[in-house]
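Step one of this worksheet: look at the structure below.
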Amino acid sequence: MTVRVRFAPSPTGLLHVGNLRTALFNWLFARHHGGRFIVRVEDTDRARLVPGAVEYMLEALRWLELDWDEGPEVGGPHAPYVQSERLDLYQGLARRLVDEGAAYECYCTPERLEALRREQAARKEPPGYDRRCRTPEGREQARRENPGGRPVVRFAIPLEGTTTVHDLIRGDVTFENARLDDFVMLKSDGFPTYHLAATADDHVMEISHVLRGEDWLASTPRHLLLYRALGWEPPRFAHLPMILGKDRAKLSKRHGATEALAYRDQGYLPEALFNFLGLLGWSLDDKTEIISREEFVRHFDVDRIGRNPAIFDMEKLTWMNGVYIRQMPPHRLAAVLAEWLERDLPPEVPRPLDRAYVERMVPLIQERIKLLSEAAELTAFFFTPGVPAYDAALLLGKRFQDRPAEALRALETAVARLRGVDAWDAAALEAVLRPLAEELGLKAGDLFGVVRVAVTGRTVAPPLFETMEVLGRERCLERMEAALGRLAALAR
């Protein structure tokens, strides 16, 4: 069997990260088996379409590098891949099923159906259609009550027996037909519902396996009955485990971002999100957490997908993103960060940035950042012209809070020694400042703290000597001279 799987979201909202997990699992399954990954746009819910949702979906797939073999932009032998362009297919199938007695027209008004739902709720019964129009008499009465109304087409569920879904993850799941209502296949506007459109497209597009969320499991017996009525062989089904927050509630915005590209915009790397989503319901073993794209493709199959809900842990995702940042070649990280810095650094920083300077700076923060979006805040002092703006009291630290004159003397001595340094590199700078601390009777950390604040404006910054090397002699001495002036004012 040639594996053919599809990712077919509805553009009724921006692509959710849970749907992105579904796309990823389908892509991995296709790539593992040497099959085809198809993207299809299921836009038949016309009232809820969101402008730009299709473009957003495709952009998210491209960002995660989930290339598709057939679908929008690339075409394929089963085009079109947009359901609103395939209405003739669905309408023809609905007419065929009505003619064969497997479906019927329903003229019940929305008002009657709403009243029926209220009555069922009052009796604490599950909601469902009462099959009034399934008989010719009931259909004629409903037509008289709705003159000029356009009917919907409902599928006639068998009233007895059971339908068993063989799920590749959960095994056999059996449903009583009597508990399934006669669902709408074709709406009064001529557009199909998901049940008819997905079934028809999966058959015509020769889909071999349907990997979709667990919430669709309850709909699958309806789809199997449709396949049977149409005389078609159904694909194999695998319903993926739900994704829950750490509190085991349904994933929502309180657990973090839900739109797929929000993770890109917050500074997550696509390979980190790929790895994280790949482990939401699937595992290689009981310990491996960092897995490359190539390893995922080599090992991925449905037999390692679990039944239990997957937990979406933002802290774990952020940790994983930090791991991927640390693993990146510095030149590649510099290229990525340069775009963030161009966007996020203060407006007084001259643009464009010197890429060679960015490459020198990046190794100093590579071990420290977990999100690309942290780079500008952490490194602004490397780029801001002139003297950092900060409270002069920061220079004193804990050691010199009540002794500004001592801090002034220490920094004056440091500046004098640094002016005589021949090679302005980390080793030479440390060779001057570390013994100076002992000479002045200070702890190294106290002296380094004054120097660090003087050259960066911060109490916490990347390694001091490497930072000073990147900043350069002229900028460091300019800032330290300004700091001397601030300390002199405090010492008066």
Side-chain angles (χ1 to χ4, degrees), residues 5-31 37-43 45 48-69 71-74 81-82 211-216 240-246 249-282 291 293 296-297 300 305 309-322 324-325 336 339-340 343 370-373:
V5 294
R6 46 75 165 178
F7 175 58
S10 171
T12 53
L14 299 183
L15 188 69
H16 189 282
V17 70
N19 289 333
L20 192 58
R21 192 277 304 262
T22 299
L24 173 60
F25 277 27
N26 276 277
W27 184 88
L28 286 170
F29 187 74
R31 296 295 174 258
F37 175 60
I38 295 130
V39 171
R40 190 170 73 213
V41 179
E42 300 196 338
D43 63 341
D45 190 349
R48 297 173 56 223
L49 293 183
V50 173
V54 172
E55 293 76 12
Y56 185 98
M57 172 191 75
L58 299 180
E59 186 178 355
L61 295 179
R62 282 191 292 265
W63 178 62
L64 215 61
E65 297 184 34
L66 303 183
D67 56 314
W68 53 99
D69 304 296
E73 299 181 352
V74 302
Y81 293 90
V82 178
L211 277 64
R212 60 187 178 187
E214 181 183 350
D215 49 334
W216 287 109
L240 309 177
M242 295 286 287
I243 302 177
L244 305 178
K246 288 184 71 175
K250 186 176 180 180
L251 192 64
S252 68
K253 290 190 175 182
R254 73 174 181 274
H255 300 113
T258 55
E259 289 81 20
L261 289 177
Y263 294 90
R264 178 197 63 184
D265 299 338
Q266 290 176 5
Y268 290 93
L269 292 166
E271 48 265 53
L273 188 62
F274 184 107
N275 190 159
F276 178 76
L277 294 178
L279 295 176
L280 287 183
W282 180 91
I291 306 175
R293 178 182 295 260
F296 265 111
V297 170
F300 188 89
I305 298 176
I311 303 301
F312 195 100
D313 185 345
M314 282 292 295
E315 293 179 1
K316 181 176 180 180
L317 171 58
T318 303
W319 163 81
M320 190 173 286
N321 201 61
Y324 274 91
I325 287 175
V336 172
E339 297 180 12
W340 285 82
R343 187 193 74 179
K370 295 180 180 178
L371 297 172
L372 301 176
S373 54

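In this chain, numbering begins with 1 at the start of the sequence shown.
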Hey, what do you get for [atom1] ([X]) to [atom2] ([Y]), rounding to the nearest 0.5 Å?
{"X": "Phe312", "Y": "Lys250", "atom1": "CZ", "atom2": "NZ", "answer": "15.0 Å"}
{"X": "Thr318", "Y": "Asp313", "atom1": "OG1", "atom2": "CG", "answer": "8.5 Å"}
{"X": "Arg293", "Y": "Trp27", "atom1": "CZ", "atom2": "CH2", "answer": "5.0 Å"}
{"X": "Leu269", "Y": "Leu372", "atom1": "CG", "atom2": "CG", "answer": "4.5 Å"}
{"X": "Leu317", "Y": "Leu371", "atom1": "CG", "atom2": "CG", "answer": "8.5 Å"}
{"X": "Leu20", "Y": "Glu259", "atom1": "CG", "atom2": "CD", "answer": "12.0 Å"}

May I ask you to check whether over 12 heavy atoms, not counting those of Glu73, lie within 6.0 Å of atom CD?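 Atom CD in Glu73 is crowded, with more than 12 foreign heavy atoms closer than 6.0 Å.
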Shortest non-hydrogen separation from [X] to [Y] and the atoms involved:
{"X": "Leu64", "Y": "Pro270", "result": "CD1-O, 3.3 Å"}
{"X": "Ala23", "Y": "Leu61", "result": "CB-CD2, 3.8 Å"}
{"X": "Gly281", "Y": "Pro241", "result": "CA-CG, 3.9 Å"}
{"X": "Val5", "Y": "Ala30", "result": "CG2-CB, 3.8 Å"}
{"X": "Leu261", "Y": "Tyr56", "result": "N-OH, 2.9 Å"}
{"X": "Asn321", "Y": "Ala272", "result": "OD1-CB, 3.3 Å"}

Any side-chain to backbone donor/acceptor pair from [X] onto [Y]? Under 3.5 Å, distance only.
{"X": "Arg21", "Y": "Leu280", "value": "yes"}
{"X": "Asn26", "Y": "Thr22", "value": "yes"}
{"X": "Tyr81", "Y": "Val74", "value": "no"}
{"X": "Asp43", "Y": "Val82", "value": "no"}
{"X": "Asn275", "Y": "Ile291", "value": "yes"}

Contact check, side chains of [X] and [Y], non-hydrogen atoms, under 4.5 Å:
{"X": "Leu273", "Y": "Trp63", "result": "yes"}
{"X": "Val39", "Y": "Met57", "result": "yes"}
{"X": "Lys246", "Y": "Ile311", "result": "yes"}
{"X": "Arg62", "Y": "Trp68", "result": "yes"}
{"X": "Leu244", "Y": "Leu251", "result": "no"}
{"X": "Leu58", "Y": "Pro72", "result": "yes"}
{"X": "Met314", "Y": "Tyr263", "result": "yes"}

What orientation do Phe37 and Phe7 show, parallel under 30°, tilted 30 to 60°, or perpendicular over 60°?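 Answer is parallel, since the angle falls under 30°.
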Would you please classify the geometry between the Phe296 ring and the Trp282 ring as parallel, tilted or perpendicular, with 30° and 60° separating the classes? tilted
Residues Glu59, Arg264: salt bridge by 4.0 Å N-O rule: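 Here Glu59 pairs with Arg264 in a salt bridge, since their nearest N and O are under 4.0 Å apart.
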Can the ring centroids of Tyr324 and Tyr268 be said to lie less than 6.0 angstrom from one another?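 Ring centroids of Tyr324 and Tyr268 are no less than 6.0 Å from each other.
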Check the pair Phe274, Leu66 against side chain to side chain contact (heavy atoms under 4.5 Å, CB included), reporting the backbone distance first and the verdict last. CA-CA 10 Å; Phe274 184 107; Leu66 303 183; 3.9 Å; yes
